Structures are given as structure tokens and as C-alpha cells.
Amino acid sequence: MQPLAVVERFLERLLERPTARLFRSPLQPIQIQRRIERAMENERRVVNGRTRVPDLYRVHLAAADVDALGPRAGQLAADLADEALAFARGHGYALDAAPTVELVVDRQVAAGEVRVAVDRADRRPAATPGDPSGDPADGAGDQDLSSTRAFEVQPQPAPAAMLHEQRPDGRGRRVVLDGGVVTIGRAPDNDLVLEDQRVSRHHARLQGRRGMLVLTDLESANGSRVNGVAVSEVALGAGDRIEIGTTIFVVEAVSAG
């Protein structure tokens with residue numbers, strides 16, 4: 001693990017574990033997704049001019065957190081794998097195989113804490129014909145993944161949309177989204193900058209996913225609301241009202257690109 005990653009992990013454990021005990025809130029999928037994305041960034045390597053990232057992510061969770069997921073655990077793992085692939089696509093990273101996410105019960109992990117261990121297809125034993133103990137990825141069967149070349153992920157069609165921004169002072173504008181990732185927040189490096197103290201520096205993200213427009217709250221201080229309901233992540237449709245701070249974005253149209 002890189003030195004910076006060690007420092008980040010120390011700070012996460014210092015801050016997040018007491019917070020989990022204090023508020024006793026259930027672990028959110030977005031928290032796990034963020035840890036996977038961070039693990040991908042920390043473990044990326046440049047090989048022959050291409051940035052390659054791991055394809056297997058083992059998410060270590062407390063038994064109580066896994067139990068709370070119940071039958072949703074399998075679907076969550078699949079959704080997190082989809083998100084890992086989308087994140088790799090968005091950053092132009094190369095993979096040896098389609099990402100796989102495994103949820104692992106770890107007694108050394110405290111409730112509300114997330115630890116992610118990574119691996120690569122080219123470092124795992126290849127499956128042999130008739131041997132179920134192999135670790136094929138994405139239906140690779142008995143293919144020798146150790147000799148599989150990194151494939152360049154191709155962009156998928158994403159929805160385009162139009163938003164109508166409504167500010168408290170009556171001003172507003174129309175924002176056309178081309179299907180790419182759009183960040184919203186108070187910091188000047190966001191795509192949509194809101195000068196509002198109720199808005200976090202990096203508050204929310206809009207992006208296309210499986211032909212849908214999805215809003216993700218980036219663990220902001222005051223949260224994001226859609227149609228008056230607080231959300232961590234939600235698919236949007238025409239007519240939905242996004243509330244971020246004192247600004248409202250009305251979704252006027254969404255069309256698959």
C-alpha cells in the first residue's frame with residue numbers, strides 16, 4: 001500500500017468509527033462504493049503506457065453490517081461491480097477482466113467500517129477445465145486469465161438531460177447535460193458552482209448509468225433532496241425537483257444518448 005493510502009486509512013478509522021458508534025446509522029452503499037473507488041485509485045499502475053487497475057475487490061465488513069443487508073447482499077455486490085466498471089470507464093482505466101466485488105465478513109472490522117482488499121486477474125490462479133475452484137471473471141470459464149490482455153473499456157450511451165436552475169433571488173438558467181459526469185458544489189472546481197453556505201464544497205454528482213440519469217449525494221453536510229425527500233442516490237426523471245441548499249433544479253427532459 002502506498003504511504004498516502006496508509007495515512008488516508010488511518011484518518012478514516014480515526015474519524016469514521018466513532019461517528020458510526022455515535023449515530024448508529026446503517027452503512028450506506030455509497031460509502032462502500034467510495035472505498036472501492038479509492039482502492040482502485042490507490043492501486044492503479046501504468047503498464048506499457050496504459051493505466052491498469054485491479055478487477056477484484058473484497059469488501060471486508062462487520063458481521064452486523066452484512067446481516068443487515070440480508071438477501072440484498074448479492075444484488076449490492078453486483079451493483080457495486082457495475083459502479084466499479086463505470087468508474088474505470090470514466091477515468092480511462094484498463095482492466096484484465098470485468099470487476100468483481102465480494103462482501104466478506106471480518107470479525108476484526110468494526111460496525112460501520114469498510115476495508116477493501118484488491119487483486120488482479122493476472123495474479124490469481126487460472127481456472128482449469130473441470131476445476132470449480134478457479135476464479136473466472138465475467139463468465140470467462142476455463143480461460144487462462146493470466147494471459148488475457150488488458151482490454152480498453154468502451155463508453156456506453158448515457159442519457160442527456162436538461163435542468164432548469166431556480167435560485168432564491170428569482171434568477172435561473174437552463175443547464176444542458178451531455179451524459180457525462182457533472183459535479184455540483186461550492187468549490188470552484190465543480191461543473192455547477194453554487195455560492196451557498198448550505199452547500200458543501202463537493203455536494204452531489206449527476207451521471208448517466210444504464211440509460212438513466214442518477215443523482216448521488218457526496219456525503220454532504222446538509223444533504224440532497226428530490227421531491228422533498230432526502231436521498232443518498234436516486235434515478236431521476238422528467239419533472240423531478242432536486243434541492244441542493246437553497247437552489248432547486250427541475251429536470252425538464254431526460255433522453256438516452
Side-chain angles (χ1 to χ4, degrees), residues 1-44 53-88 95-121 123-125 127 131-140 145 205 209 214 216-221 223-224 229-235:
M1 182 178 291
Q2 299 175 0
L4 180 58
V6 174
V7 174
E8 288 178 344
R9 185 72 213 127
F10 171 77
L11 292 175
E12 286 171 4
R13 295 182 66 183
L14 181 67
L15 296 174
E16 293 175 6
R17 291 176 62 176
T19 301
R21 290 195 297 268
L22 178 62
F23 293 103
R24 303 193 183 280
S25 58
L27 189 64
Q28 296 297 313
I30 187 64
Q31 295 173 267
I32 304 176
Q33 179 185 330
R34 286 307 179 78
R35 298 299 175 268
I36 292 174
E37 292 173 355
R38 183 170 298 174
M40 183 183 293
E41 292 281 8
N42 288 339
E43 297 296 329
R44 67 186 188 273
V53 294
D55 54 83
L56 174 60
Y57 298 85
R58 291 190 174 94
V59 180
H60 293 242
L61 303 171
D65 288 329
V66 175
D67 290 343
L69 292 172
R72 297 177 300 161
Q75 183 59 51
L76 174 60
D79 290 343
L80 290 168
D82 287 346
E83 288 303 316
L85 180 58
F87 187 82
L95 295 152
D96 292 304
T100 299
V101 173
E102 298 175 358
L103 304 183
V104 179
V105 175
D106 190 333
R107 296 185 182 279
Q108 296 183 344
V109 175
E113 185 181 359
V114 182
R115 298 183 189 177
V116 179
V118 303
D119 200 356
R120 289 176 167 82
R123 294 200 304 227
R124 300 197 296 276
D131 179 9
S133 64
D135 192 11
D138 196 31
L145 293 178
R205 176 177 65 213
R209 186 189 307 160
V214 177
T216 302
D217 182 82
L218 303 180
E219 300 180 13
S220 62
S224 303
V229 178
V231 298
S232 58
E233 187 169 84
V234 67

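We use all heavy atoms of the structure for the numbers below, so side chains are in, but hydrogens, waters and symmetry mates are not. Quick caveat: nothing in here was measured; it's all calculated off a predicted structure.
To the nearest 0.5 Å, atoms CG (Leu76) and CD (Glu83) are separated by 10.5 Å. The CZ atom of Arg115 lies 16.0 Å from the CZ atom of Arg58; values are rounded to the nearest 0.5 Å. Atom CD in Glu102 sits 9.5 Å away from atom CG in Asp119 (nearest 0.5 Å). Distance check, rounded to the nearest 0.5 Å: CZ of Arg38 to CD of Gln33 gives 12.5 Å.
A 4.5 Å side-chain heavy-atom check between Val114 and Leu61 finds at least one atom pair inside the cut-off. The shortest distance between side-chain heavy atoms of Phe87 and Met40 falls below 4.5 Å. Proximity of Pro99 to Leu56: side-chain heavy atoms (C-beta onward) are nowhere separated by under 4.5 Å. At least one side-chain heavy atom of Val101 sits under 4.5 Å from a side-chain heavy atom of Val59.
In terms of heavy atoms, Ala88 sits closest to Leu95 at CB-CD1, 4.0 Å. Across every non-hydrogen atom of Ala77 and Leu103, the tightest pair is CB-CG, 4.3 Å. For the pair Asp106 and Gln108, the tightest heavy-atom approach, listed with the atom from each and the gap, is OD1-N, 2.9 Å. Across Asp65 and Gly112, no two heavy atoms sit closer than the pair OD2-N, 2.7 Å. Leu80 and Pro29 get closest at one heavy-atom pair: CD2-O, 4.0 Å.
Counting only distance, with no hydrogens or angles, the side chain of Arg35 and the backbone of Ile32 share no donor-acceptor pair below 3.5 Å. The backbone N or O of Ala110 lies less than 3.5 Å from a partner atom in the side chain of Glu113, making a donor-acceptor pair. Side chain of Asp217 to backbone of Ser220: a donor-acceptor contact under 3.5 angstrom is found.
By the salt bridge (charged side-chain N to carboxylate O under 4.0 Å, His left out) test, Arg205 pairs with no residue at all, sequence neighbours left out. With sequence neighbours left out, Glu233 forms a side-chain hydrogen bond (donor to acceptor under 3.5 Å, both in side chains) with Arg209, Thr216.
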* Are Val53 and Asp55 close enough, and set up right, to give a side chain to side chain contact (heavy atoms under 4.5 Å, CB included), and what steps lead you there? -> CA-CA 7 Å; Val53 294; Asp55 54 83; over 6 Å; no

